[in-house]
Structures are given as structure tokens and as C-alpha cells.
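Data block below; observations after.
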2 protein chains.
Amino acid sequence: MKKENNITIHDIAKALNTSGSTVSRALNDNSRISEKTKKAVREMAKKLGYQPNALASNLRTNCTKTIGVIIPRISRYFFSSAITGIEEYAREKGYNVIICQSNDQEEREADCVQTLFASRVDGVISSIALKTNNYDHYKTFTNRNIPLVFFDRVCDELETNKVVVDDFKGGFLAAEHLISKGCKRIAHISGPQHLNLYINRLQGYLKAMRKHNIQINEDQIIESPLSREDGMACAKRLLESSNPPDAIFAANDTTALSIILYAKEKGIRIPEDLAVVGFSNEPFSEFLSPSLTTVEQSGFDVGVKATELLLNIINNKIGNTQETIVLPVNLIERESSNK
Amino acid sequence: MKKENNITIHDIAKALNTSGSTVSRALNDNSRISEKTKKAVREMAKKLGYQPNALASNLRTNCTKTIGVIIPRISRYFFSSAITGIEEYAREKGYNVIICQSNDQEEREADCVQTLFASRVDGVISSIALKTNNYDHYKTFTNRNIPLVFFDRVCDELETNKVVVDDFKGGFLAAEHLISKGCKRIAHISGPQHLNLYINRLQGYLKAMRKHNIQINEDQIIESPLSREDGMACAKRLLESSNPPDAIFAANDTTALSIILYAKEKGIRIPEDLAVVGFSNEPFSEFLSPSLTTVEQSGFDVGVKATELLLNIINNKIGNTQETIVLPVNLIERESSNK
DNA sequence: CTGAAAGCGCTAACAA
DNA sequence: TTGTTAGCGCTTTCAG
């Protein structure tokens, strides 16, 4: 496949008996060019089928009008919604978006960083891979003053801007809701504790328990990688214990789903014997049977906010402060906790 | 935000008292450079924190090692899985991926084409927007011999390569399955008829009906944009008619979901009174109640195949034939049709 | 095996 | 208001 010779600004210049710089300025709507010339240039450009070469422009200006995004996996609904938000806002402001997936692997994440840097993106939005423990690769950006905004999965080690949802409040709402339904032995299945969001959901849960003087049982707070299989194992462990919980607050909907499936299999009635609350409001949660009570977080909004923040930094509207934006969550009450 | 001055190959050259060309060749593992020099260059590069500038390289070589993807919306599971497949295969072969969303709008799609062309992608993978009727914008690529592969939503007007799933077979399997369950009045809710895939699903359905001598009732074949609301309207129209169907094959799972919800509301039992089959196996379909019988199509596989085909064309392994690759589908039998 | 020099297409001082 | 010129960082002929 050989690519055709492309039309450049010089072809337009030659056809119009003018210079490349005039054409360049005309196409960029520079005020120093007369309307007449601009019009002539634009017409000739169209006639010749000129298409700008962004590579050349970017190389020269050292500004690509492109932002990079690093996410664990695009196929998770929260992240694809976030990307939709990022894309929408970025495009409106004239920016392109390059997306890289880390597949939750540290090494892949470091690759993404290299790729994005090689493409000379103007800024980066990232959500950290589950397996990432060392954050040095991000220094590629921070060392060079390339703005960086983390969302959802953030880390305290790096001093950057962050956009998160109110996980603490979410955990609190979930637990308080179960308490209000009369549950007494409320278990919590939490996620990897090096990620703030799971710590915060857990802390919110603890706060609600303490506020209402509910006994906290260490055996009923377990940490899990939160996959479907892990959820099954947790369900089994909790529900087969000698003193099983009458409610479980799971740190994500996938785990809550596992609990519901396990309970069905064992003839445990939901919500009568066991109330369940999840987190995220995945697309399937509404349609489970019983439908799942969960904490809703808008990926789209997070994406938009992160992009807004990033572009403000890129365009010097705000300095590179270490801002953390917290977006609201809300509890969606459904059948799985409706005693 | 000012970006720091970056290290270039000339900085490495200076530090090593050699020339830029040697450094360039060493970093690209050119055979004309001695191992000793290569090693020295690589070490110095690491020491100085050199990061290649892809823009400059791309501009020079007129090859970006980047492929562009145009999809209707990333938040649909089929498409995000396809992207996962595209990314995985592309990355393995050393290519980057730029993703653009058309939001199912023709104008946005044309914008995507411009953006990708300006970025000088080496090839493009696209799935057509629902609202697109005019395909001229794709000529930007075809006119310049930039390889183009369509997937899923393809169009006959453009002579390009295509990767699709076997929609005809899917429609056939769905209808034959319902027939095998003893259904006699089998309705079909089809999608926009300018897209091949919906035509093919419909034709597959018709073929099965004819094969088994089931009467085809024109009133019970309706075209719909297939959104959740449209599905509700279709369900109402079909089920409130004087001669309601005993089975519905919907061209997507979203519509099948609407039917199930509508039937529940009206006290119509599924599958006893009405059997339902969808198409796509969305993430929620397994968890509906009753769980939804549907035709599974692998977005991931489609993505991988499309990328494989595209890269083969880019790398001249095959000429730009008009190949159409058809991937298999299979029926997943669940409760909604289990009479 | 290595170096000098040209140039990819564009932008931006500076000069006119 | 327009043109001249240099150069972004890299690759690649051609010459040694």
C-alpha cells in the first residue's frame, strides 16, 4: 500500500503565487491576513483537496492538542462511560484523545506512559492499574511538567490533581441504609487496600456502624480482589460461618452479584434472610433478580470533570495545584435490601 | 505549563562524541552499527532519560504505526469488546490505536475521518454510524490508498474489506429454535434496513420460517430503531394486537429486555405465553429474569480479525482485495424460550 | 562502520 | 499585509 503524494501548503502557495507562510496564516485565520487572501486560500485548499498534516504542525509547535488516557480496561462500564465524558469534553475544546489500556498490569501501564509520551500528548488522565505498586513511571510526565490528572483510582504518593467520587459517603450511605432496614450483623467485602477508594468505602461503612452503635465484627470485614470468583469464595466464607451476617455491603456490584447467585443456590432468601448492597450501579444491576440496591457513580461526570481540570491546567487557567475534586454519589434502593 | 526541554538524539551524540545519524541507527538497531556503539548509545540514552519523539520520526518516515478506529459509541459492550480486541492485536504488532466516536451521527463521523487523517494514521477500522447515509467522507482514505476495514455495520456502497458476524445464520438459528419449541406465531422486531446486519438477521429468520412452513405474517415483522423506548412501543403494538404472537425474535437484546419488562407488567408469562430471543448477548442478558436466550457474537474476535486484516494490507502481505470475513455466532439457550 | 547534509510539512521571528 | 528564512527531531541517502 503506497500512500499518494499529499497536497501541502506549498502546493497551495504555488497555485496562488504566494508564499507558504501566507497560506499557513490564512488557514489558521491569522488576523494579519486580508479577508480576500484568506478566502482565496481556503478555496484553493478545498479545490486541491488539501488536508493539514498534524504531525508537522505538532512537531513545530510542540503542542499536539491531544490528551492521553490510561485506564485499566475499556470494557468495564464505568471506564467506558468515563471515556465518553472525556472525549465529549475534549472534542468540544478541540482536543483529541488517545486511549491506552493497562489491563490492570503495572508493566502495561508503564508501556502506556511511554507510548503517550512518545506521542507528545499535552496532558494525561489516568486511573491506576490494580497491580501497580510502584509509580515511578509517572515521573516521565511529572518531571517534564506534563499535566497529569488521576481519576477514580488515585494514589497519594504522587502529588497531582485528582477527581474521585465520594466513596466515603457511598460506604456510609450503604451501611446506614442496611441499618435502617433493621440489619444487625452487617458484613463488608472490601477491595485492595492500597487503593484509596476501597479504603474510603470501608471507612464510610465503619463510620455508619459506629454512629448507630452496631457491633463491628472483624471476621465480617474481608478484603478481596473483587472478581466474580472471589465474590463466590467470600459469599461462601461469610454465609457458612457459624454466625452468618444478615446483610452484606459489597465494594462492587460484581461481588454483590456473586452473593446473590450463591444465596439463590443455597436457598437463602434475599432480602428476607440476607440484604445485599453493591457499589457502582453496573448496567446489569437493575435487572438482577432481586434487583440490586447499589451506590451510583457517574463515570461520565468523572470523565468530564477530569478533562475540564486537565485542560484548565494545560491552558494555564489554573496553576498546577494539587486539587482533589469529589463528585457526589447516591444510593439507589432496589429489591435486594427492601425488607 | 511550560514543557521542559527534551533530550534529543543530538544530545546523546554530543555526549558520546559521535553523530546524530549513528545514534539514530543504534537506537533502531541498524545492522551497520557495531554492538559496542549500540551499547554505549543505549546506556547514554537511558542515563540522559532520552525519550524518542514519535512526531519527528513519523513526519520523516510518513508512517505513524498508528491505526484509527471509528465507532458509534464506546459505551456499548460490543464495541468496547471490539476495541479491546483491536488494541490487543495492534499493540502486539507494535501499533498504536486512536479511537473516535461518531455518536451515531453522520457529521461527527465525518469529523472523525478528518481527525484521523490529520493524524496520518496508517489505516482505519470503522463501524458505520446509524445516521450515516452518505459515505463520501470515507473517500478521504480510499482516494489516498489508506487501507480501510469495516466491521459489524458495513455498507455495500464502499468497496473495502469487511469483517462481520454471521447475522444471517444468527437470525436463522433464533427462529428455528423458537420453531423447535413449538411456537407458531413468531414475530420479528428488526433494525434499520439500510444496515446489512439487520437485513441479514431478518433474512435468516425468513429462511427458517419458510423451511419449516410457518406462516409469515407481515404485520408481525416490524422495523425499529431498537432503543429501549422503541422496544416498549413495539412490545405494546405486537402484544395488544388481536392476534398476538407466541414468540418474538428481537434484533437486539435491548429490545428483548423491553419486551420482557412489558410482559411482566402486563402479566404475560415468559416463556409459557410468550417466548423471547434476543441478539448480542449483552452483559445483562444472562441475569434477566427470566434469563434471555440470545445469539452470541464476539466483539473481541471481530476486533482482532479486523485488525489482522488491516495490518496485513498495510504491510502488503495481501493486496487491497475486497474481502469479507464472516465470523461464527452461536445460540445461547436460556429461560426466556425454554418452554 | 560512521558522518555530513538534506528534508519531511509546518510555524514564527524578522524583515520588508 | 506579505515574504524570507530557519528550524522542530528525526531518518536516510551518499560519501568516506
Side-chain angles (χ1 to χ4, degrees), chain A residues 2-42 44-45 48-66 114 117-122 144, chain B residues 2-42 44-45 48-66 114 117-122 144:
Chain A
K2 240 224 212 98
K3 293 187 199 165
E4 301 284 294
N5 284 341
N6 285 313
I7 310 293
T8 75
I9 49 170
H10 295 109
D11 297 318
I12 301 177
K14 208 170 288 169
L16 255 49
N17 241 313
T18 176
S19 74
S21 19
T22 300
V23 174
S24 170
R25 285 193 270 251
L27 291 172
N28 289 317
D29 210 23
N30 186 306
S31 60
R32 300 189 327 192
I33 299 290
S34 71
E35 270 312 319
K36 210 178 76 186
T37 313
K38 279 185 192 171
K39 205 176 142 197
V41 167
R42 279 196 278 257
M44 183 56 75
L48 297 179
Y50 168 78
Q51 302 276 157
N53 185 328
L55 296 176
S57 163
N58 295 340
L59 177 61
R60 185 62 233 253
T61 57
N62 200 27
C63 149
T64 56
K65 285 273 190 180
T66 298
Q114 290 313 306
F117 182 75
S119 300
R120 293 298 188 272
V121 292
D122 292 342
R144 277 165 246 249
Chain B
K2 239 224 212 99
K3 295 186 198 166
E4 299 287 292
N5 285 341
N6 285 313
I7 309 293
T8 75
I9 50 171
H10 296 107
D11 298 317
I12 301 177
K14 208 169 289 169
L16 255 51
N17 239 313
T18 175
S19 74
S21 12
T22 299
V23 174
S24 170
R25 284 193 269 253
L27 291 172
N28 290 318
D29 209 23
N30 186 307
S31 59
R32 301 190 325 196
I33 300 288
S34 71
E35 270 311 320
K36 210 179 75 185
T37 313
K38 280 185 192 171
K39 205 177 144 196
V41 168
R42 280 196 277 257
M44 184 55 75
L48 297 179
Y50 169 77
Q51 303 277 155
N53 184 328
L55 295 177
S57 163
N58 296 340
L59 177 60
R60 186 58 233 253
T61 58
N62 199 28
C63 149
T64 54
K65 285 272 191 181
T66 298
Q114 291 313 305
F117 182 76
S119 301
R120 292 300 188 270
V121 292
D122 292 342
R144 276 163 247 248

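Just so it is clear: chains get the letters A, B, ... in the order the sequence lines come, proteins before strands, and each one is counted from 1.
Atom NZ in A:Lys39 sits about 17 Å away from atom P in D:dT1, given to the nearest Å. One atom, NE2 of A:His10, and another, P of D:dT4, lie 11 Å apart when rounded to the nearest Å. A straight line from CG of B:Leu27 to C1' of D:dC10 spans 11 Å, rounded to a whole angstrom. Summarising the geometry, the separation between CD1 on B:Ile7 and P on D:dG9 is reported as 11 Å, rounded to the nearest angstrom. Residue B:Asn6 contributes atom CG, which lies 19 Å from atom P of D:dG7 at whole-angstrom precision.
Counting only distance, with no hydrogens or angles, the side chain of B:Ser119 and the backbone of B:Val121 share no donor-acceptor pair below 3.5 Å.
A salt bridge links B:Lys38 with B:Asp29: the closest approach of a Lys/Arg side-chain nitrogen to an acidic carboxylate oxygen falls below 4.0 angstrom.
Closest non-hydrogen pair, A:Gly20 versus A:Ala13, comes out as N-CB, 3.7 Å. A pairwise comparison of heavy atoms in B:Cys63 and B:Asn58 identifies O-OD1, 3.2 Å as the closest pair. Heavy-atom minimum distance, B:Val41 versus B:Val23: CG1-CG1, 3.9 Å.
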Under 3.5 Å donor-acceptor pairs involving side-chain atoms of residues 49-56 of chain B, not counting sequence neighbours:
{"unit_1": "B:Gln51", "atom_1": "NE2", "unit_2": "A:Gln114", "atom_2": "OE1", "d": "2.5"}
{"unit_1": "B:Asn53", "atom_1": "OD1", "unit_2": "B:Leu55", "atom_2": "N", "d": "2.9"}
{"unit_1": "B:Asn53", "atom_1": "OD1", "unit_2": "B:Ala56", "atom_2": "N", "d": "3.3"}

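For the pair B:Thr18 and B:Thr37, the minimum side-chain heavy-atom distance is 4.5 Å or more.
Separating the CG atom in A:Leu27 from the OG atom in A:Ser57 is a distance of 11.0 Å, to the nearest 0.5 Å. Taking NZ of A:Lys39 as the start and CE of A:Met44 as the end, the distance is 13.5 Å to the nearest 0.5 Å. Rounded to the nearest 0.5 angstrom, A:Ile7 CD1 and B:Arg144 CZ are separated by 7.5 Å. Atom OG1 in A:Thr64 sits 3.5 Å away from atom CG in A:Asp122 (nearest 0.5 Å). Atoms CG and CG, on B:Leu16 and B:Leu48 in that order, are 8.5 Å from each other to the nearest 0.5 Å.
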Short N/O separations, protein against nucleotides 14-16 of chain D, under 3.5 angstrom:
none

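Applying the 4.0 Å criterion to OP1 and OP2 of D:dC8, one finds that B:Thr8 has every side-chain N and O outside that range.
Side-chain N/O atoms of A:Ser21 and base N/O atoms of D:dT4 include a donor-acceptor pair closer than 3.5 Å.
For DNA chain C, the span of nucleotides reached by chain B at under 4.0 Å from its heavy atoms goes, 5' to 3', from C:dC1 to C:dG9.
Each of B:Ser34 and A:Gln51 has a nearest nucleotide on DNA chain C; the 5'-most of these lies closest to B:Ser34.
In this view, B:Ser19 and B:Ser21, B:Thr22 satisfy the side chain to side chain donor-acceptor pair (under 3.5 Å) rule, not counting sequence neighbours.
Taking the C1' atoms of five terminal pairs at each end of the helix from C:dC1-D:dG16 to C:dA16-D:dT1, the two resulting helix axes are inclined by 40°, rounded to 10°.
The stretch residues 52-61 of chain B touches DNA chain C through B:Leu59, B:Arg60, each having a heavy atom under 4.0 angstrom from the strand.
Across all strands shown, A:Ser24 has heavy atoms under 4.0 Å from base atoms, whether or not it also approaches the sugar-phosphate.
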(request) I would like to know whether B:Thr66 and B:Arg120 meet side-chain contact (heavy atoms from CB on, under 4.5 Å); could you show each step before the answer? (result) CA-CA 8 Å; B:Thr66 298; B:Arg120 292 300 188 270; over 6 Å; no
